[in-house]
Number of protein chains: 2
Amino acid sequence: MPVRKASVSAKDVAARAGVSRAAVSRTFTPGASVSEETRSKVIAAAEALGYQVNQLARGLISRKTGIVAVVGADLATPYRSELLRALTERLQAVGRVAILINTDRSDRSVDMALQTAIRYRAEAAIVLSGMPDKSISDLCHRNGLRLVLINRDDAHSGSIQIRLNDAEAARLALTSFLRAGCRTLAVATSNAGTPSLVAREEGFLAEAHRSGLSVTCERFGPTGYESGLALGERLLVLPERPDAIFCTTDLIACGVMDAARHRFSLSIPDNLSVIGFDDIPQASWDSYQLTTFRQPIEEIASSAVDWLAEEEGDGEVRVIHLTAPMSWRQSVRGGNGK
Amino acid sequence: MPVRKASVSAKDVAARAGVSRAAVSRTFTPGASVSEETRSKVIAAAEALGYQVNQLARGLISRKTGIVAVVGADLATPYRSELLRALTERLQAVGRVAILINTDRSDRSVDMALQTAIRYRAEAAIVLSGMPDKSISDLCHRNGLRLVLINRDDAHSGSIQIRLNDAEAARLALTSFLRAGCRTLAVATSNAGTPSLVAREEGFLAEAHRSGLSVTCERFGPTGYESGLALGERLLVLPERPDAIFCTTDLIACGVMDAARHRFSLSIPDNLSVIGFDDIPQASWDSYQLTTFRQPIEEIASSAVDWLAEEEGDGEVRVIHLTAPMSWRQSVRGGNGK
DNA sequence: TTGTAAGCGTTATCAG
DNA sequence: CTGATAACGCTTACAA
């Protein structure tokens, strides 16, 4: 018994249809010239054999692999997973396929991820965490891998950068607290130190400073619910107990709220106002009804994907600014802020 | 100015290092025989040029693309995204790369996803939702695409199937309610009709029947929090208000709990006991403390990935049974069930 | 419109 | 150990 071939190729189809391999290729290349007769013979043979064009071979020659890498850490987190979904959906819609590469928080692992992307000749990599080293970013450039950096610090040539109005949003959070009559302000954040997180923290602090207010700022652990719990416990035990906490992330906000309610028997927003960031699904759950800033997920995804479809840029780095609108719910005293 | 090459190839490296292309290839092939001298010349040249092996070309000839497709719907959902993370992490650990293909709930879209997987010559596809049509499953077989079906109905040849003890768990849920003194039982589920969901529902119903109890079973909408909310509102308005609700999913359970607490002012577990399924992160949040069944995510992922590493099976379909252990928290009257 | 032939970047085979 | 040379499955001039 002969060794079974791993998959059916254009040659097989050509043989069965009684045409040349080129004819088969043309049949599956949009806008190539094939007679209706040949085409239907080919289609029939392909169907019978179960032929599928080999994209790898096609990509080898056309340089259009259709592969886009999505690189990031904590991809199972509510906001991240939602962004991932939006990204991959849109990628599929324009005939691309996403390869998913998990990283830990180290920049080193991002570098390795990008190398993987290059090895698979991805057309682009969308980076959600960490910051590629300059040398790696060069490597990508030399290998024709375009970079999309989402909420990262600064990009090198030939890449696009998508950023949010983090600082501005933070300022709005502060004025909202003030308008609600809160006077003892605090910030709860993780110590991940990612650009967006520090922008939010610093934006809040700066605006408070401008208003002559002092804010206690607590940093703890990774960015997640558990850290929020811990942050709540630290903040709410203070002699000057805060009556408003700006959390740099909804996950942290949920933790803070739960700590306040279940461990300090505080009621929200009567005893404590909370504002988060991201607008994850849980923020709108009955138990939280968290006032927060909505990540413009679809806009982020479409900006990224549209850019890929565009002409190859000429080396300049493009920056797209998107805004996270405030989503008013019930966690700030005094209702809808109007 | 000459047209810039899209990426640096082994030929470039060979030229710079003053060796043959074959030498370059060997340098990057584990366990090939190259002298230390050539190797270091090659490495140096590769480094200088920023060379990365082209996996597409490598896969073309070796038939080992290293690509594995992960196919599923609702991948941004807590349980799904966690499974996705576990899967991709493990895949990376064994040198594979995951391509992610979103589907909607239709079987048709699963079929299309599998065709994409074939076109990229994935070594395997891990299917999380929907059920590939027999003809497609054949197509996969003919193209050497191995199938891993997670919680799907039944597999065809050459594939592996991973299943959970859904029915058994459901029975355990019922006896737990009984032991807690609950008498008016209900099931809350979506009308997605996926195999695991119906297995849980039917398992619960069957056991109730065996005990001579009648159970009201409510089905509504897609599988998610909002549906849980709606289900809670339907169930808790009944003349014989349930004192125990088995939810086929944690997301539904969270919705049911929120409806009970915030819309009917019921307290859990005093007025109502709830059991869920999946053990998503939110189940352990202070606001829920939901008793549930833990999806053995890591075990699922490792079973799937280990199978890929194994010898090519000889056409028989393998079934792996995993168990979801009960995770006791505070949503059932009478504490930890012991 | 069609077939032939030359690549694309690798690895595998086979002499040297 | 090394270098030609032939695949791998495909697209794309170039001729016919």
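The figures here come from the full heavy-atom set of this structure, side chains too, leaving out hydrogens, waters and symmetry mates. Every chain is numbered from 1 and lettered A, B, ... according to where its sequence line falls, protein lines coming before strand lines. Owing to the predicted nature of the structure, the values given are computational and were not obtained by experimental measurement.
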With S303(A), which residues qualify under side-chain contact (heavy atoms from CB on, under 4.5 Å), at least two apart? I162(A), I320(A), L322(A)
For R108(A), which residues count as a salt bridge (charged side-chain N to carboxylate O under 4.0 Å, His left out) partner, sequence neighbours excluded? none
Are S33(A) and dT2(C) close enough that a side-chain N or O sits under 4.0 Å from OP1 or OP2? no
Identify every side-chain donor-acceptor pair in residues 113-120 of chain B under 3.5 Å, counting partners at least two apart or on other chains, and give the distances.
from	atom 1	to	atom 2	distance (Å)
T116(B)	OG1	M112(B)	O	3.2
T116(B)	OG1	R119(B)	NH2	3.4
Y120(B)	OH	T65(A)	O	2.8

Looking only at side-chain N and O atoms, does R163(A) offer a donor or acceptor that is under 3.5 Å from a partner on Q161(A)? yes
Heavy atoms from C-beta onward define the side chain here; which of dC8(D), dG3(C), dC1(D) lies closest to that of L60(B)? dC8(D)
I'd like to check the salt bridge (charged side-chain N to carboxylate O under 4.0 Å, His left out) partners of D74(A); sequence neighbours left out, ordered by chain and number. R105(A)
Protein-nucleotide distance (R39(B), atom CZ; dT2(D), atom C1'), rounded to Å: 14 Å
Rounding to the nearest 10°, end axes of the helix from dT1(C)-dA16(D) to dG16(C)-dC1(D) built from five pairs each make an angle of 40°
For R39(A), what residues pass the salt bridge (charged side-chain N to carboxylate O under 4.0 Å, His left out) criterion, not counting sequence neighbours? none
Over how many whole Å does the gap from K41(A) atom NZ to dG3(C) atom C1' extend? 13 Å
Rounded to whole Å, please give me the gap between CZ in R119(B) and C1' in dC10(D). 15 Å
With sequence neighbours excluded, residues passing ring-ring contact (aromatic ring centres under 6.0 Å, His included) with Y51(B): F28(B)
Please report the distance, rounded to the nearest Å, between NZ in K64(B) and P in dG9(C). 24 Å
Figure out the CG/P separation between L56(B) and dC8(C), and round it to whole Å. 16 Å
For R58(B), which residues count as a salt bridge (charged side-chain N to carboxylate O under 4.0 Å, His left out) partner, sequence neighbours excluded? none
Dump the pairs, protein N or O against N or O of nucleotides 10-13 of chain C, anything under 3.5 Å, distances to one decimal.
from	atom 1	to	atom 2	distance (Å)
dT10(C)	OP1	Y51(B)	OH	3.0
dT10(C)	OP1	N54(B)	N	3.3
dT10(C)	OP2	A10(B)	N	2.7
dT10(C)	O5'	Y51(B)	OH	3.4
dT11(C)	OP1	R58(B)	NE	2.5
dT11(C)	OP1	R58(B)	NH2	2.7
dT11(C)	OP2	S25(B)	OG	2.3

Would you indicate, yes or no, if dT1(C) has its OP1 or OP2 atom less than 4.0 angstrom from a side-chain nitrogen or oxygen of T38(A)? no
Give me the one residue out of L149(B), D138(B), V71(B) that meets side chain to side chain contact (heavy atoms under 4.5 Å, CB included) with P132(B). L149(B)
Any S35(A) side-chain nitrogen or oxygen under 4.0 Å from OP1 or OP2 of dT1(C): no
